[in-house]
S.K.: 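There's a structure below that I have some questions on.
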Amino acid sequence: MKKIISIITVLLALSIQASAYSVVKFTIRDGISDKSMKDKMERAVTRLLNEINRSQEENAADISLLSQYMLPEAVADITKLWANEHFRCEEDVVEDVLRTIDGYQVRNIPLIVNAAKGKEELGYQEAVINFDKNGAIASFHYAANPDIYSKQIRDVLQNRRYEVSELQQRMKILDYVEHFRTAYNQKDLKFIRQVFSDDALIITGRVITTRKTEIHPSGYKLEYAKQTKTQYLKNLEKVFRSSRNVRVKFDDVIIVKHPSIKGIYGVTVRQKWTTDRYSDDGYVFMLWDFRNEYQPQIHVRTWQPEFLDKSKSQRLKQEDVFSISDFDL
């Protein structure tokens, strides 16, 4: 009898230990009428989130992903992100499914993010999961500010010339912008190299002190340095190697169509960049080329600081922030 009780006690202890991580469920509220597809997508995301939670609780160096629910690209997305950051979902998720050009999308997946090594809290993020037309998970990346996505949809819907294709195009652009931003957190140099065109122009502004004049009444001005794609990637690789964590956030995303060339868009974001040794806050402008929708590329990337002085009293004027009108194709 004592032996049986001892065995039961051990089994109970193992059961408690096995369920130490948060068990969550994903439910689709609306957006899809095909029940078998809905069930498949709910099952896939539920299994994925619980595997993420189990791996995070165990502080596992590698994450075991379910290939029967995911395309290889999605497995690669999470694997690369997991190498630098661990994360968990602590609550059930109930969200609508959105239709996209390539399939479906679910947004607003709440995540608590830790450093890959140890339990250092890095903050809150929301994930975006894309599915192909068969309901398999096709990609996984961090979202921009959720208010930004709502604003992009609202701006299109309020435009009297609204077309479904324009809304879908903006969704696709924002999806690429979010994926691009996540690539820095992943230290995914391969994706960043792929998304920049070979002749991409990279411009970085830095504040220098100057004599106070009518043109520069604050005593500060911006000096700009140009880099080629090769130079930029070489410097970025050094940053990735020397930094344990790279944290990049995009806010205030503005998407503007080129006035005459179809498929060309200017995208301006507020970027917050943080590494172990350095942080900054500024404006990033990107000239995106979506004429090949399967391989969009960036022709221009610029960075300008939000403030011109250390006391943060001199803000960069909005009319001085680079935009699509500043560059010729």
Side-chain angles (χ1 to χ4, degrees), residues 18-58 60 62-83 85-113 125-144 146 149-150 152-153 164-165 167-179 182-183 186 188 191 293-294:
S19 61
Y21 64 89
S22 298
V23 177
V24 298
K25 182 180 180 182
F26 169 70
T27 303
I28 295 174
R29 180 172 46 212
D30 197 5
I32 186 168
S33 57
D34 186 331
K35 187 178 185 304
S36 62
M37 182 77 75
K38 177 177 179 289
D39 291 344
K40 179 180 179 180
M41 293 163 70
E42 287 178 335
R43 185 164 55 251
V45 177
T46 296
R47 293 287 297 273
L48 171 61
L49 293 179
N50 284 304
E51 178 56 32
I52 286 171
N53 286 352
R54 184 195 65 77
S55 299
Q56 195 276 341
E57 177 64 28
E58 297 175 1
D62 300 311
I63 185 168
S64 176
L65 297 171
L66 309 165
S67 58
Q68 68 265 40
Y69 295 115
M70 306 175 68
L71 299 185
E73 294 83 357
V75 173
D77 282 343
I78 299 176
T79 301
K80 286 181 287 191
L81 197 55
W82 194 261
E85 300 177 359
H86 291 178
F87 37 90
R88 65 186 184 277
C89 179
E90 294 187 331
E91 57 190 71
D92 291 342
V93 180
V94 181
E95 287 293 335
D96 294 344
V97 165
L98 304 170
R99 289 300 300 265
T100 66
I101 296 175
D102 303 314
Y104 306 90
Q105 184 182 89
V106 173
R107 305 183 67 85
N108 309 322
I109 307 294
L111 300 175
I112 305 298
V113 183
Q125 295 280 357
E126 291 186 359
V128 177
I129 297 177
N130 286 299
F131 304 82
D132 68 6
K133 293 179 180 179
N134 297 315
I137 296 174
S139 69
F140 180 102
H141 57 258
Y142 288 155
Y149 186 83
S150 300
Q152 291 297 326
I153 293 177
V164 173
S165 59
L167 177 57
Q168 290 182 327
Q169 184 66 15
R170 283 179 177 263
M171 288 172 64
K172 189 175 184 69
I173 292 168
L174 185 57
D175 194 60
Y176 263 97
V177 170
E178 290 175 331
H179 197 166
T182 305
Q186 295 170 321
D188 188 355
F191 178 82
E293 65 179 50
Y294 298 105

S.K.: Tell me the closest heavy-atom pair linking S64 and R54, and the distance in Å.
M.R.: CB-NH2, 4.5 Å
S.K.: With under 30° as parallel and over 60° as perpendicular, where do the rings of F140 and F87 fit, or are they tilted in between?
M.R.: parallel
S.K.: Once you round to the nearest 0.5 Å, how far does CD1 of I109 lie from CD of E126?
M.R.: 9.0 Å
S.K.: Quick one: does I32's side chain get under 4.5 Å of Y104's, heavy atoms only?
M.R.: yes
S.K.: Got a donor-acceptor contact below 3.5 angstrom from the E42 side chain to the I28 backbone?
M.R.: yes
S.K.: Taking all non-hydrogen atoms of both residues into account, name the closest pair between N53 and S22 and its distance.
M.R.: ND2-O, 2.8 Å
S.K.: Test your reading of the model: is there a side-chain donor-acceptor pair from K40 to the backbone of N134, 3.5 Å cut-off?
M.R.: yes
S.K.: Counting only heavy atoms not in D62, do more than 12 fall under 6.0 Å of its CG?
M.R.: no
S.K.: List the residues meeting side chain to side chain contact (heavy atoms under 4.5 Å, CB included) with S139, not counting sequence neighbours, and say none if there are none.
M.R.: D77, N130, H141
S.K.: Give a yes or no on whether the backbone of T46 and the side-chain of N50 come within a donor-acceptor separation of less than 3.5 Å.
M.R.: yes
S.K.: Scan side-chain atoms only and decide if E51 and S55 contain a donor-acceptor pair under the 3.5 Å cut-off.
M.R.: yes
S.K.: Would K38 and D34 count as a salt bridge (Lys or Arg N to Asp or Glu O under 4.0 Å) here? Give the steps.
M.R.: CA-CA 6 Å; K38 177 177 179 289; D34 186 331; over 6 Å; no
